[in-house]
Amino acid sequence: MAGKDITKSKCQKEVHTVTEALKNLYRQKLLPLEKYYGFSDFHSASLEDAEFSNKPMILVLGQCSTGKTTFIRYLLEQDYPGSRIGPEPTTDNFTAIMHGEIEGIINGNVLTVDSTKPFRKLSPFGTAFLNRFQCAHLPNRVLESFSIIDTPGILSVAQCKMSRGYDFPAVIRWFAEHVDHIILLCDAHKLDISDEFSCTVTALRGNEDKLRVVLNKADMVDSQELMRVYGALMWSLGKVFCTPEVLRVYIGSFWSSPMRVTDNRRLFEREEEEVFADIQNLPRNSALRKLNDLVKRARLVRAHAYIISSLKEEMPLVFCKQKKKRDLIYDLPIIFSRVQQRHQISAGDFPDCAKMQERLMSHDFTKFKALKPKLLAGFDELLNTDIAKLMPLLCQEEQEAAKQHVIQGGPFLHSTNRGPFIVGNPFDHYGPDREIHHVSEDEEWVVSSDKSKYDEIFYNLSPDEGKLSGTKVKGWMMSTRLPRSVLARIWKLSDVDCDGKLDDEEFALASHLIEVKLEGFGLPRELPAHLVPPTKRQRKNLSPDKGDNE
């Protein structure tokens, strides 16, 4: 007995993270129960190590042309390998966008045999799906904190007759169970709810806590029309979700293009801040989400075990087995109720009765297992004791993650340097410690040819001691109708000396970058040599240590 306690104590000491502890608890106490009662034959496949240790994932859903890929591009501030954006349905693959030092694409058939990726259990969906599944690697700072799953557009009413060749709602259900966040994008111009949309929403049931609905492209309608669209969307979603609770719908335009209608700009900016703040918390809440999902899975496993054992008890030993099987399947709702009352299990822990009846048709009830008290005792210990012991470690990890796990890059700001678009805004692109590149002082400044035009605007804004404060520049920059996050990035790139003000050269640089963006081009991640103002080049050529000392 003493030896057993020593072993148990040793195992607890070896566990240093919540993820490691959950992995051990799953292997020791939940997985044996799943295997004994054939849980994976009726529900999701068993979990693997990569599913415990992988980064948080975001699933992006929506009908065709609702801006899914554009939303991802807005997050990453770059295209991922294989992405296409256009007015017609362009994304026909499930794409896992993950961090990698070298850009590249891995086919779905290879992904399902890679033990380092959490996708091995997707192989049962068949070759038709795997040929439409891929992983895109690219070096991106945002992807260092989480991964993104881009999906094909949900087919509209007119397209629903076309077959995909695989079970689309079942694939969505699998991803919904394994991701940390689900973003459902809706278009302000497309509120038709197709059959596939309804089936997709049904596949998300049980994961509503992860769901965020976004009404995208909201800048394309005026205030009155937006109010009508919002009401119509809430009514349509209420019918599909079949719930009395009102869903939280975020309104905005998640792209880097100028807004067409700016009446609700402040509303869009606040909504965008809430969406990104929610995403910002993903690394910190990752362990909690895994714990929550494991508890939900454990409750379903327990209900499944009692259902299977009850069916086993009802089966005759010799005669009329097929007739009894049909009767039991027909009476499954009654059996659910009986199990619920006998074992004090919540109705919310039971699987969908209709789907369970359908899956039972292909099983031999005589091979089902009876109750095994030892396995169930270990399960009760898991829920009642082991999970509670993890809570102090979970709180400790959350406190540490709050200090360390901050998403950087893209529209997520993390800097002490403040400008007119940074104050009170959690989104920053670059800090004063950004990489410094060597610049030749003789190299021509590309902004010089248009500087006289920019100087006229600069002096009309009444600079003080040769510089414009953020307050004076902000109004002029906002008049371009570019999103606040884009203007924040332009400010950061232009404020080369990081003093919170712009002199004539920095203002000219900001004007140049705005024109570049309005023409449809992307912004540089770092200020390239040919854009550094001449008077700032000596400072840029200093080493980081020397610059800090000054």
Side-chain angles (χ1 to χ4, degrees), residues 56-77 83 85 89 91 97 142 146 148-154 156 172 175-176 179-194 197-198 200-201 203-204 207-221 223 225-238 240-241 243 245-257 259-261 264-282 407 410-412 426-427 483-486:
M57 291 193 294
I58 298 176
L59 178 66
V60 181
L61 290 170
Q63 292 179 290
C64 296
S65 300
T66 53
K68 297 184 298 300
T69 306
T70 304
F71 175 83
I72 294 171
R73 183 182 184 182
Y74 189 60
L75 281 179
L76 304 180
E77 290 194 333
S83 65
I85 297 175
T91 303
I97 309 161
V142 174
F146 62 84
I148 304 173
I149 309 295
D150 194 7
T151 61
I154 300 172
S156 63
I172 294 296
F175 277 111
V179 300
D180 299 70
H181 228 48
I182 304 170
I183 295 180
L184 178 62
L185 291 171
C186 301
D187 191 336
H189 291 87
K190 296 179 181 179
L191 296 181
D192 57 313
I193 305 299
S194 64
F197 187 93
S198 300
T200 302
V201 168
L204 300 178
N207 298 284
E208 289 85 357
D209 57 318
K210 305 176 183 178
L211 182 62
R212 306 292 184 270
V213 181
V214 176
L215 179 59
N216 198 22
K217 304 183 181 181
D219 69 311
M220 302 178 73
V221 294
S223 299
E225 185 65 22
L226 181 61
M227 180 179 65
R228 292 173 179 168
V229 169
Y230 180 80
L233 176 61
M234 295 294 289
W235 181 79
S236 300
L237 291 176
V240 175
F241 278 91
T243 175
E245 290 84 7
V246 178
L247 286 170
R248 172 70 163 92
V249 177
Y250 298 89
I251 306 172
S253 292
F254 293 85
W255 55 6
S256 299
S257 301
M259 293 184 180
R260 300 190 182 183
V261 180
N264 300 292
R265 178 171 191 145
R266 294 288 299 276
L267 170 65
F268 298 162
E269 290 172 354
R270 288 195 298 268
E271 296 282 275
E272 180 179 307
E273 287 178 12
E274 289 191 27
V275 172
F276 288 150
D278 207 12
I279 296 175
Q280 187 78 269
N281 289 326
L282 284 181
I407 301 175
F412 303 96
F427 310 111
R484 178 183 289 265
S485 59
V486 175

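We're numbering straight along the sequence, starting at 1.
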Task: Exercise: identify the closest heavy-atom pair between Q63 and K68 - done: O-NZ, 3.2 Å
- [ ] Assess whether side chain to side chain contact (heavy atoms under 4.5 Å, CB included) is satisfied between I97 and L76, documenting all intermediate values.
- [x] CA-CA 10 Å; I97 309 161; L76 304 180; 4.1 Å; yes
- [ ] With sequence neighbours excluded, tell me which residues meet side-chain hydrogen bond (donor to acceptor under 3.5 Å, both in side chains) with R248.
- [x] E271, E274
Task: Shortest non-hydrogen contact between F197 and L184, atoms and distance - done: CZ-CD2, 4.1 Å
Task: side-chain hydrogen bond (donor to acceptor under 3.5 Å, both in side chains) against T200, all qualifying residues, sequence neighbours excluded - done: none
Open item on the list: Determine whether a donor-acceptor pair (N or O, by modelled atom type, separation under 3.5 Å) exists between the side chain of K210 and the backbone of I58.
Closed with: no
- [ ] Would you check if L204 and L61 make a side-chain contact, meaning some heavy-atom pair closer than 4.5 Å?
- [x] yes
- [ ] Drop me the distance from N207's CG to F175's CZ, to the nearest 0.5 angstrom.
- [x] 13.5 Å
Task: With sequence neighbours excluded, residues passing side chain to side chain contact (heavy atoms under 4.5 Å, CB included) with N281 - done: R284, N285
Open item on the list: With a 4.5 Å cut-off on side-chain heavy atoms, are F268 and I251 touching?
Closed with: yes
Task: Listed partners of D219 passing side-chain hydrogen bond (donor to acceptor under 3.5 Å, both in side chains), at least two apart - done: S253
TODO: Only counting residues at least two apart or in another chain, list the ones meeting side chain to side chain contact (heavy atoms under 4.5 Å, CB included) with E208.
DONE: R205
Open item on the list: Determine whether Y250 and I183 satisfy the following criterion, side chain to side chain contact (heavy atoms under 4.5 Å, CB included), listing intermediate values before the conclusion.
Closed with: CA-CA 10 Å; Y250 298 89; I183 295 180; over 6 Å; no
Open item on the list: Test your reading of the model: is there a side-chain donor-acceptor pair from N216 to the backbone of T66, 3.5 Å cut-off?
Closed with: yes
Open item on the list: Using the side chain to side chain contact (heavy atoms under 4.5 Å, CB included) criterion, which residues pair with V221? Sequence neighbours excluded.
Closed with: H189, E225, L226
Task: CD1 on I182 to CD1 on I149, rounded to 0.5 Å - done: 11.5 Å
Task: R212 and V275: CA distance, side-chain angles, deciding distance, side chain to side chain contact (heavy atoms under 4.5 Å, CB included) verdict - done: CA-CA 8 Å; R212 306 292 184 270; V275 172; over 6 Å; no
Task: Partners meeting side chain to side chain contact (heavy atoms under 4.5 Å, CB included) with K217 (sequence neighbours left out) - done: D187, M220
Task: Distance, nearest 0.5 Å, that separates CD1 of I279 from CZ of F146 - done: 5.5 Å
Task: Exercise: identify the closest heavy-atom pair between A176 and L59 - done: N-CD2, 4.2 Å
